[in-house]
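Source: prediction; values computed, not measured.
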Amino acid sequence: MPPGSPLGRVVEIAEEGRHLLKERGFLVVEAGGEELGRVPLDDIAALVATARGTSLTTSLIAALAERGTPVVLCGANFAPVALVFPLAGHHAQQRRMEAQLAATRPLAKRLWAQVVAAKLRAQAAALASAGLPSAALARLARSVRSGDPENAEAQGARRYWPLMMGEGFRRDPSLPGANALLNYGYAVLRAGVARAICAAGLHPSLGIFHRHPHNPLPLADDLMEPFRPLVDLEVRALVAEGASEVDRVAKRRLAALLLADVPTAFGTSPFATALMRCAASLAESYLSGVPALEFPMLSAEGGNVIAEPDFPVGLSGHVDVRDVRSSGDDEV
């Protein structure tokens, strides 16, 4: 599998006292001097360490960086505190980062308008897929202007959440239940988007709209906005099936989203491939000065927007599939 391949697993180290090292082409997990499991390095989409006391060798970190695989270190409450960013993510990285730094304010405002319009269209498609009214959001998507001065994104959120999750629902990342499931799903999505950004030769800390001194991934928070409804639909399904907490089953379902199929301008592609194309389209927009972001063409036709893959994600034993929590930028 070549560097930057979109296919792979999100691997979380969630138990105390684990030691991670590279052995030939594998990530090896040890505890007390005994091997607990191993994963081919080329199969890993992101490595997330949430457990205190986890140790990693520098050769492992270097091997993952060479593959464009992000290593995320988490603090309390699963919040990411550091990201190991590969220095060479793309053959044209220097030229693309220079263009990213030199992007004008008008270009950023036009890019943000495209993000907001795509998010509203995706929300409308998600609602329609669930058999819910969607026309208002579709109309709102057509009204977004450069920079979104009318804050159509917030207007859409006020209409969207009561329809998608019920009248009594309030989006609050600090709450359990559906909110915690959304947090987890967004965290998986965020890791996938961050990887796509790095693979495209862009820097994830230079956002289009999101800016915060303690947020290392504002550009990921920008580009993931139109993809959030995919998570929302899956969480809605989980809740309808009785899920009330982020357990192993829910984590598997949400982590598997990165391998789901979505319709694009080039035909049906794995979700992670669509993320790569989206990040690449942003890089080209910076280089050309013409905003032309590419997002999946979500549609309600034929039922659910997402086709779940029949793909086992995760490892048995002491290595689990989880991810970090989102930054909470989706608050209404």
Check the hydrophobic clustering (I, L, V, M, F, W, Y; side-chain heavy atoms under 4.5 Å; chains of links allowed) and say if [X] and [Y] are grouped together.
X    : Y    : answer
L120 : L163 : yes
V28  : L60  : no
I44  : I61  : yes
L233 : V239 : yes

Classify the ring geometry between F227 and F271 as parallel (under 30°), tilted (30 to 60°) or perpendicular (over 60°). tilted

Test item: [X] and [Y] side chains (from C-beta on) under 4.5 Å apart, heavy atoms:
X    : Y    : answer
L41  : R67  : yes
L257 : V188 : no
E167 : P162 : yes
M97  : L206 : no
L254 : L238 : yes
V231 : L189 : yes
L137 : Y160 : yes
L20  : S55  : no

Side chain to side chain contact (heavy atoms under 4.5 Å, CB included) assessment of V116 paired with F209: CA-CA 11 Å; V116 172; F209 176 79; over 6 Å; no

Knowing that exactly one of S174, P176, P173 qualifies, which makes a side chain to side chain contact (heavy atoms under 4.5 Å, CB included) with N183? P173

Quick check against the 3.5 Å criterion: does [X] have a side-chain atom that pairs as donor or acceptor with the backbone of [Y]?
X    : Y    : result
R171 : N179 : yes
D261 : T268 : no
Q114 : P291 : yes
S129 : A125 : no
R38  : V29  : no

Kindly give the heavy-atom pair with the smallest separation between [X] and [Y], and that separation in Å.
X    : Y    : result
P229 : A126 : CB-CB, 3.9 Å
P106 : S146 : O-OG, 4.4 Å
S59  : K22  : O-CD, 3.7 Å
A250 : L181 : CB-CD2, 3.6 Å
A292 : S281 : O-CB, 3.5 Å
R253 : A237 : NH2-CB, 4.0 Å

Rounded distance (nearest 0.5 Å) linking atom [atom1] of [X] with atom [atom2] of [Y]:
X    : Y    : atom1 : atom2 : value
L132 : Q123 : CG    : CD    : 12.5 Å
N151 : Q155 : CG    : CD    : 7.0 Å
R95  : L287 : CZ    : CG    : 5.0 Å
I197 : L202 : CD1   : CG    : 7.0 Å
I208 : K109 : CD1   : NZ    : 14.0 Å
I13  : L56  : CD1   : CG    : 8.0 Å

Whether R228 engages the ring of Y186 as a cation-pi pair (distance to the six-membered ring centre under 6.0 angstrom, angle to the ring normal within 45°) should be assessed. yes

Output yes when R158 and E153 qualify as a salt bridge under the 4.0 Å nitrogen-oxygen rule, no when they do not. no

Any salt bridge between R18 and E30, counting N to O under 4.0 Å? no

Chi angles and distances behind the side chain to side chain contact (heavy atoms under 4.5 Å, CB included) call for R121, R142: CA-CA 9 Å; R121 287 196 299 270; R142 294 192 290 271; over 6 Å; no

Which is it for L111 and Y286 under the side chain to side chain contact (heavy atoms under 4.5 Å, CB included) test, yes or no, and what are the steps along the way? CA-CA 10 Å; L111 287 168; Y286 282 137; 3.9 Å; yes

Hey, is CD on E34 packed in by over 12 heavy atoms from elsewhere, all under 6.0 Å? no

In terms of heavy-atom contacts, does CD of E241 have more than 12 from other residues, nucleotides or ligands at under 6.0 Å? yes

Do L21 and H19 pass the side chain to side chain contact (heavy atoms under 4.5 Å, CB included) test, and can you show the C-alpha distance, the side-chain angles, and the key distance before you say yes or no? CA-CA 7 Å; L21 66 150; H19 176 63; 3.9 Å; yes

